[in-house]
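Numbering of ligands and ligand atoms starts at 1, following listing order.
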Amino acid sequence: MLNKRVEEVLVNQIEKEAYSSNLYLAMAVWADTNGLDGISQWLYAQAEEERLHMMKFIKYVNERGGKAVISAIEQPPAEYTGVKHVFAQVLEHEQYVTELINTIVGVCLEEKDFTTHNWIQWFVTEQIEEEASVQSINDKLRLVGDHNLYMFDRDIMAMRKSMAASAE
Ligand code: FEO
């Protein structure tokens with residue numbers, strides 16, 4: 001049976017992962033409607049991943065005797081000033097999610113819920129990978145400047161695949 005405090009932070013994270021998914025969907029739509037096909041594909045794929053994260057939290061809470069809550073989600077911003085703006089926001093958001101995951105780890109330890117502590121480690125690792133992947137995109141964007149966005153847009157999915165392969 002899930003400890004109440006642990007259940008609360010896990011349920012809170014369901015809404016955060018759902019927001020993450022919608023945030024990346026909104027960014028994907030922005031890219032899609034601005035002729036940035038590769039970037040929109042990357043963001044659509046990222047939105048799917050966030051939905052899977054949300055599902056993991058829902059299933060875990062239910063399996064451990066708690067009850068997942070599906071709440072209203074705040075509307076994400078629809079407009080961005082450019083690609084650099086989008087990826088700066090993605091990085092900032094992922095850093096925020098890492099803090100949230102760390103808070104869950106802390107609550108698990110305080111409540112001596114070592115089962116959930118063990119389970120949440122998957123997300124600890126996932127956040128290291130997500131931050132590294134988005135950081136490398138931001139580094140690349142700094143290098144290409146504003147002139148080679150066409151090439152960047154073409155290459156971004158390949159970057160995603162090579163990150164995934166090196167994480168295996
Ligand atoms: Fe669900 Fe991108 O963290």
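- Residue E130 approaches atom 2 (Fe) of ligand 1 most closely through its N/O/S atom OE1.
- Ring centroids of W122 and Y60 are separated by 6.0 Å or more, keeping the two rings apart.
- Backbone or side-chain N, O or S atoms of E126 do not reach atom 2 (Fe) of ligand 1 at under 2.8 Å.
- Follow the hydrophobic side-chain contacts under 4.5 Å out from L25 and you never reach M27; the two are in separate clusters.
- With a cut-off of 2.8 Å, atom 2 (Fe) of ligand 1 has an N, O or S atom of E50 in range.
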Please assess K67 against E7 for the test salt bridge (Lys or Arg N to Asp or Glu O under 4.0 Å), listing each intermediate value before the final yes or no. CA-CA 8 Å; K67 187 168 192 280; E7 182 174 354; over 6 Å; no
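- Here the angle centred on atom 1 (Fe) of ligand 1, running from ND1 of H53 over to OE1 of E17, is 100°, rounded to 10°.
- Using a 4.5 Å heavy-atom threshold, the side chains of T115 and R64 count as touching.
- Aromatic pair Y44/Y24: ring centres not closer than 6.0 Å.
- Among the atoms of E94, none of the N, O or S atoms falls under 2.8 Å from atom 1 (Fe) of ligand 1.
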